[in-house]
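Heads up, the thing below is written out as structure tokens.
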Number of protein chains: 2
Amino acid sequence: MPRPKKDAALDISRKAVEETIRLLSKRDDFDVPLAAVAEAVGCTAPALYGHFRNKDALLRAVHDAGFRRLYEEKRARAKHFRAEPLAYLRACSHAYAQFAFDNPTLYRLMFSPPPSLAADQGPLSTDLGRSVLELVVKAIRACQKQGLLPGADPKRYAFTFWAAVHGAVSLALQNRAPDEKIRQDAALVVVDTLLEIITATAPDRR
Amino acid sequence: MPRPKKDAALDISRKAVEETIRLLSKRDDFDVPLAAVAEAVGCTAPALYGHFRNKDALLRAVHDAGFRRLYEEKRARAKHFRAEPLAYLRACSHAYAQFAFDNPTLYRLMFSPPPSLAADQGPLSTDLGRSVLELVVKAIRACQKQGLLPGADPKRYAFTFWAAVHGAVSLALQNRAPDEKIRQDAALVVVDTLLEIITATAPDRR
DNA sequence: GCAAGAAACTTAACAATATTCAGTTAGCGG
DNA sequence: CCGCTAACTGAATATTGTTAAGTTTCTTGC
């Protein structure tokens, strides 16, 4: 049955990306067979080549979709805390960690992909990365308006903050934390440690 | 030519791991063909199955060897700074970052492997991870003996420190830093930022 | 309405690569 | 010198990404 009945054109692309994400959640590695994706979508493997140049292109689309989801989730979970920068940072970070623990393989695909996926930094990919970071920069600036982190370069501190959270999540995802207790919520402990440090920079505390 | 001439028994295992590391340095992903490893070693692909249960086992050996190298390099590069905890931390971290930039693919294999490799936490793997972290714990304790980071839990802060450095390296390796200038040595900037923060906790400074 | 052409699949074929199997030979204990 | 095991080889198999060729459905100019 060649050409589809016109309506089924609910963009195979979209469905392929969605289904791939779902299949990734049931795997350790990203080597999900194209045939499996095709079956989930409801077509055959070669049909996907009409929508993606090759498997890498599909995985890059998944990679980008992951960033969109992460960004949206961070925004949604944190928007109630706009007024309280520290609570905002905390909520952002927890959403970030939650996302990683809920989608470990997708997270690995997003943050440790074979460079062939991220290499040609499509503007989208870069913009998405920036968007995620930008939320942190804003939060750091808000902290500074409250007298915290005086004299610090917001971008630099935001990047350090992000790096720490990402690093903690990344290490926690592979059990490389010191002991069981810390391992379990290593990421959250790191977040608290960072907030603790930021709080300690308040000039008017006693 | 079956059985080797007795002397060539220079442990294929060792050579296989070494050559795999070398082949990885010329690739983006870890999908180095077994046949390529075999050729570099000087045997055929199936011969490797006499030394490793399967390809994953070989990659895990490479993973572990990577940690041994990292640990040794950190030790070697930092031992001159035993007396100065901050300089020691700095040297450790720089060695760490250098290692990652010199061996990006190996670094990814070590820190973002498909869980199938690290899953069955062989005691070795875990011990190696602990060894690397232990160096940081000692350094943090040394800092505290100089009055820095008063009242902090060394393990917790060490883990946070490691997470930040690892996160920065990991992000830097994939160009996900904010802008060009920071991206280039993002990891080093993060290290400096961390040291700056630690320094700022000195009680007797003015 | 309709033929020609493009679009969007399908099935079949191909290529690379991990893994297994059945030999085959080198060294070693008797 | 005879078997026996260890350690490898070459060929065979299965999985999977990718390409090629064929087929049907829509569309569009007449």
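Quick note on labels: first sequence line is chain A, next is B, and so on, each numbered from 1.
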*Would you call A:Arg22 and A:Glu19 a salt bridge, using N to O less than 4.0 angstrom?*
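Counted as a salt bridge, because a side-chain N and a carboxylate O are separated by less than 4.0 Å.
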*So, A:Arg156 and B:Asp192, do they make that salt bridge, N to O below 4.0 Å?*
no
*Does A:Thr44 make a side-chain N or O approach to OP1 or OP2 of C:dC9 shorter than 4.0 Å?*
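Answer is no, no contact under 4.0 Å.
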*C:dA8 OP1/OP2 closer than 4.0 Å to side-chain N/O of A:His51*: no
*To the nearest 0.5 Å, what is the distance between CG (B:Asp11) and CD (B:Glu18)?*
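So the gap between those two atoms works out to 11.0 Å.
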*Mind checking the CG-CG spacing from B:Leu34 to B:Leu59? Nearest 0.5 Å is all I need.*
8.5 Å
Which nucleotide in the list [options] gets nearest to the side chain of [X]?
| X | options | result |
| --- | --- | --- |
| A:Pro46 | D:dT16, C:dT11, C:dA18 | C:dT11 |
| A:Pro33 | D:dT16, C:dA18, D:dT9 | D:dT16 |
| B:Ile12 | D:dT18, C:dT19, D:dC8 | D:dC8 |
| B:Lys55 | C:dT17, C:dT19, C:dA12 | C:dT19 |

*Answer yes or no: is there a donor N or O on one side and an acceptor on the other, between the side chain of A:Lys55 and the main chain of A:Val32, under 3.5 Å?*
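Here the side-chain-to-backbone pair exists.
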*Donor-acceptor pair, side chain of B:Glu39 and main chain of B:Thr44, under 3.5 angstrom*: no
*Between A:Phe67 and A:Tyr71, is the gap from one ring center to the other below 6.0 Å?*
no
*Report the residues that fulfil salt bridge (Lys or Arg N to Asp or Glu O under 4.0 Å) with A:Glu84, sequence neighbours left out, ordered by chain and then residue number.*
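None.
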*For the pair B:Tyr107 and B:Phe111, evaluate ring pair (Phe, Tyr, Trp, His ring centres under 6.0 Å) and give the outcome as yes or no after the intermediate values.*
CA-CA 6 Å; B:Tyr107 186 82; B:Phe111 285 98; 4.6 Å; yes
*Measure from CG on A:Leu34 to P on D:dT18 and round the result to the nearest Å.*
7 Å
_Spacing of A:Leu58 atom CG relative to D:dT16 atom P, expressed in whole Å_ =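 Rounded to the whole Å, the gap is 16 Å.
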_With the threshold set at under 4.0 Å for non-hydrogen atoms, list the residues of residues 16-25 of chain B touching DNA chain D in residue-number order._
none
*Contact class for B:Asn54 (heavy atom, under 4.0 Å): base, sugar-phosphate, or nothing?*
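Counting heavy atoms under 4.0 Å across all strands, the contact made by B:Asn54 is with sugar-phosphate only.
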*Contact class for A:Val32 (heavy atom, under 4.0 Å): base, sugar-phosphate, or nothing?*
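Sugar-phosphate, backbone atoms only, no base.
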*asked:* Over the length of the helix from C:dG1-D:dC30 to C:dG30-D:dC1, how much do the five-pair end axes diverge, rounded to 10 degrees?
replied: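 Taking five pairs per end, the axes differ by 0°.
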